[in-house]
Each structure stands twice: as structure tokens, then as C-alpha cells.
Amino acid sequence: MEEGVGLRGEIGPFWEQSTAPVIAPLLKLCVGGCLAMSLMLFFERLYMGVVILFLKLFARNPHNTCKWEPIQDDLELAHFVYPMVLVQIPMYNEREVYQLSIGAACGLSWPSDRIIIQVLDDSTDPSIKDLVELECKRWASKGINIKYEIRDSRNGYKAGALKEGMKHNYVKLCDYVAIFDADFQPEPDFLWRTIPFLTNNPEIALVQARWKFVNSDECLMTRMQEMSLDYHFTVEQEVGSATYGFFGFNGTAGVWRIAALKEAGGWKDRTTVEDMDLAVRASLKGWKFVYVGDLKVKNELPSTFKAYRYQQHRWSCGPANLFKKMVVEIMRNKKVSLWKKLYLIYSFFFVRKIVAHIVTFVFYCVVLPATVLVPEVSVPKWGAVYIPSMITLLNAVGTPRSFHLIIFWILFENVMSLHRTKATFIGLLEAGRVNEWVVTEKLGDALKTKLGSKTPWKPRFRFGERLHLLELCVGAYLFFCGCYDLNFGKNRYFIYLFLQSFAFFIAGVGYIGTLVPNS
């Protein structure tokens, strides 16, 4: 301890000379900015919490705020009383899950002559292409109207595939299009519960269902994802639907009115969030959306850390890039109200898609630890403890069953905020990886099959894949700040700093998520 004090005394004069005129004022400015962003995020979460409380107390839901009547049979019109529905399933090398999604789509309860299943296969692996085509032929032999479509290139990725799919002549017969990603398995009554919203309410363009995670208990990482996504569906989507008739389309488990899709300009591949892009453009045309929270569609969460990082890069970079591209268009729009434009720009984009990511990493993983090293700068207790605690509690309401994991969730979200913040700046600055699209890996039942086999397996260990230098560097920085606070500081942040540094170290060595056995 005496050696540490002596060392501090030696570097003290130099440290004081550099911090007083330069570092301290700059750090104070950063603290002020972070506190302002924290308040923005807190009031946004509080607003949504109040709206949700109102909706629950007064039992407000789509079934009593929108007209909904089941489609009735007509003896004269026969099946023609049912609208023609197109079901699109975009996929790319989905060896593990293609049978699940195609089987679920073909099992949808709807008159067979009023539905078309369209499998859009962008697979580059010839063996997988053959398997998918064979599966489509198998269902076609059972009388299902299923189309297997491929294209020459993957231009535009998912948006390009969906856009090409809409060009076929048989699509002109369809009124609505349901979209399911390759790992989604809708229940047979999905169309019966969604289509009436569109047939009875001509102003509605989109009906969105909720996601139900079949592998949320696979590992701790999937439990953490469930907590974040449950808040998104339970609160964010519900509030947007109930207040402004707008929310971001989730890209799957939804039904679009084809006329609205075309009026909005169709699918565009200018960002990695083609679904959100379409939703914003349709909303600016005056169309409304409905979120049906009690209708759930089974799907799979990414269970490997590599897959989850790629997904979060796309989900964070895309919205920031779309915001940059559309903010002026939103402000100049004449069809929607001023309040809706403010909601889109401030709440939907700026606070939720930009501020939320930046403040989580910059404040809690950079600025707050830095104040330990600069005693001239302090963070008020309300900003360091009370506001973050309230935001965390408001986020935790979506998944009551995982409330006991809230500490792990905080640490995990702070780790992931590193990648989300980096991706957000890439999107805003349109830097190198702005249009990077890596399809999220799905394991399906493959992992269970391998684990259940008698053949011994060893987890894959590739040095480059498992070692993440960014996480290790941030972990080292936090650990150093924790040690400094423990020896010289007065803030008592060291407990948090040590816990958070260990979380970064664990992620840095790749010991997170599911370890996939060798083939």
C-alpha cells in the first residue's frame, strides 16, 4: 500500500498539471452530455410505462380499438369470399430449419385455392438448394400451391429476394402478403387471426405478431436476449401501435396489405433494416399498423456469441443509417401530423436507436470509470445510481420470470453496448461495414442431435474466432479503474467496475453462449 502511495506521489504533480487545464473540463463536458442522454432515456421509458399501465387498466387492445370480424362463408361466392394471400419465406443456406418453416407455412389453415406459398431460396450451397427444392416438391405433391423461386445473384440480400418475389405474375392475384423468416413457425390459425384486421379496416397496412422464443432456456445468453426482446414486444411495439398506429416492422411474423407496400415504394436495400425502412415509408403515406401481442409465432434466438454479435451489428447500424437517410424526408412530409413526425424523429429513432446505445456504453463503461481517475470530476448520485436503476426496472417488466437475473442482464447489455455503439456510429457516418449483411446462424435441432449422439465431440476453438480484443481492452480498462478506486478513490465504484470488467473478460475469451460441437 505504501509503494502505491509513493508511486502516486511521484506521478501526482504531472497528473495534476495535465488534468486541471485539459482532462477535467473535457470529462465534465462528457458527464454533462451523458446525464442529459440518461434523462432522455429515462423519460422515454417512463412515458412508455405510463402508456402501458393505461392500456392494461382500461383493457385497451386491438380487438376493441379496431374493427375485427371473422370472415363468413358465402354460398354464392364460395371460397372467393376469402382474400388471396401470398406467404413469402426468404431463406439462405438454412439446412437446419428449412423443413420447419416450410412445413409450418404449408400447415396454415386457409382455403387451399386462396393461398400461395412462395419459398425464396438464395442459398449458395447446391446441396441445400436441392434439399429445399425437394421439400417444396414434396408439399406440392400433397396439393399445396407452393412455388420454389431462385435468382441469379443475392443483390440486395433479403430485400432483393422479397422484391424479386413480388414481380411474379401470380402475385398480381394476391391482396395480402405474410412474411416468415426461415426459423419462424406460425400456428395454423395465424391468417384467421390477422387477415380480418386488414379486411375490416382499410386504413391498416400491417398486422404484426409477437415472437415466441423456443430456445430461450438454452443458455444464459438466450435468457438475456429474451429479457431485451420481451421489453421490445411488450412495451415498445404495444405503445407505438396504441398511440400513433406506428412501430417498426420486425421483418417477419407480419402481414402486409400489398397495395400499401406498393404505394410506399416496395422493398429497398439501401440499409440493412429493409423492414424498418418500408414501415417508415408506409407510415409517411398515412397508413396505420396494428400490433397483436397475444398472437405469438415460434422462432429461434441466436445461441452462439458470434451469430448474436453479427445480428446486433445489423440491428444497430441499420436504424442509425436509416435515420440519417430519412430525417429530412420525415420533417418535410405533409401527410402526417407534427406530433407523429416528432415521435418518429425523437422517440423512435433518436432516443431508442441512437441515444440508448451510446449512453449505455459511453457513460457506464467509459466516462463513469474515468471519473475515478479524475477526482475533480464527480457524477451526482441520481445520475450514477437512481436513474440507471429506474431505467433497469422499467426494462425488466417485460420478463418477470427472469427478474432474478437482472444483474447478469445489466452486465451483458453493457458488454453488447460496445458493439451497438460502434455499429451506430458506422451507420451515422456510413463507414466501411455500413451495409454488411451476415445471415444469423440458426441451429434448429442440430445441436440436440449432436449432443445426443454417442460420438464424443470437442468444442470448436479457433483463436481468431474466440478471442475478442475490443472486449479484452475494455475489460482491462475497467479493471484498472476498479483497482485505482479500491486503493485511492472515494466513490466506491470498484464493486461495479470489477463485475463489469469480468463480464468483458468472459466475452473477450468467447466463453459465452452455446459452444457448437464439431461436425
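Residue numbers count from 1 along this sequence. What you see below is based on every heavy atom in this structure, not just the backbone, and it leaves out hydrogens, waters and symmetry mates.
A ring pair (Phe, Tyr, Trp, His ring centres under 6.0 Å) with F289 is found for one member of F246, F197, F249 and no other, namely F246. F190 pairs with exactly one of W110, F180, F184 by the ring pair (Phe, Tyr, Trp, His ring centres under 6.0 Å) rule, that one being F180. Checked against R420 for a side-chain hydrogen bond (donor to acceptor under 3.5 Å, both in side chains), the options H357, H313, E413 give a single hit: E413.
With a 6.0 Å radius and a threshold of 12 heavy atoms from other residues, nucleotides or ligands, K163 has its NZ atom at or below the threshold. Heavy atoms from other residues, nucleotides or ligands lying under 6.0 Å from CZ of R154 number more than 12.
Between D121 and K129 no salt bridge is recorded (no basic side-chain N to carboxylate O distance below 4.0 Å). A salt bridge does not link D230 with K212: every distance from a Lys NZ or Arg NE/NH1/NH2 to an Asp or Glu carboxylate oxygen is 4.0 Å or more. Using a cutoff of 4.0 Å between basic side-chain nitrogens and carboxylate oxygens, E226 and R401 are scored as salt-bridged. Between E329 and K341 there is no salt bridge, since no side-chain nitrogen of the basic residue lies less than 4.0 Å from a carboxylate oxygen of the acidic one.
Between V85 and V177, the closest side-chain pair of non-hydrogen atoms is not below 4.5 Å. Residues T272 and W315 form no side-chain contact, since every pair of their non-hydrogen atoms from C-beta on lies 4.5 Å or further apart. Looking at heavy atoms from C-beta onward, D275 lies out of side-chain contact with N250 at the 4.5 angstrom threshold.
Aromatic ring pairs are classed by plane angle as parallel below 30°, tilted from 30° to 60° and perpendicular above 60°; the pair F323 and F350 is tilted. Below 30°, between 30° and 60°, or above 60°: for Y82 and W192 the angle between ring planes is above 60°, a perpendicular geometry. Between Y244 and Y343, the angle of the ring planes stays under 30°, which puts this pair in the parallel group of the 30/60° scheme. Between F213 and W211, the ring planes are perpendicular. Angles over 60° get that label, and only those under 30° would be called parallel.
In summary, the aromatic rings of H468 and F305 are positioned with their centroids under 6.0 Å apart. A centroid separation of 6.0 Å or more is found between the aromatic rings of F408 and F412.
With hydrogens and angles ignored, the 3.5 Å screen pairs a side-chain donor or acceptor of R281 with a backbone N or O of G266.
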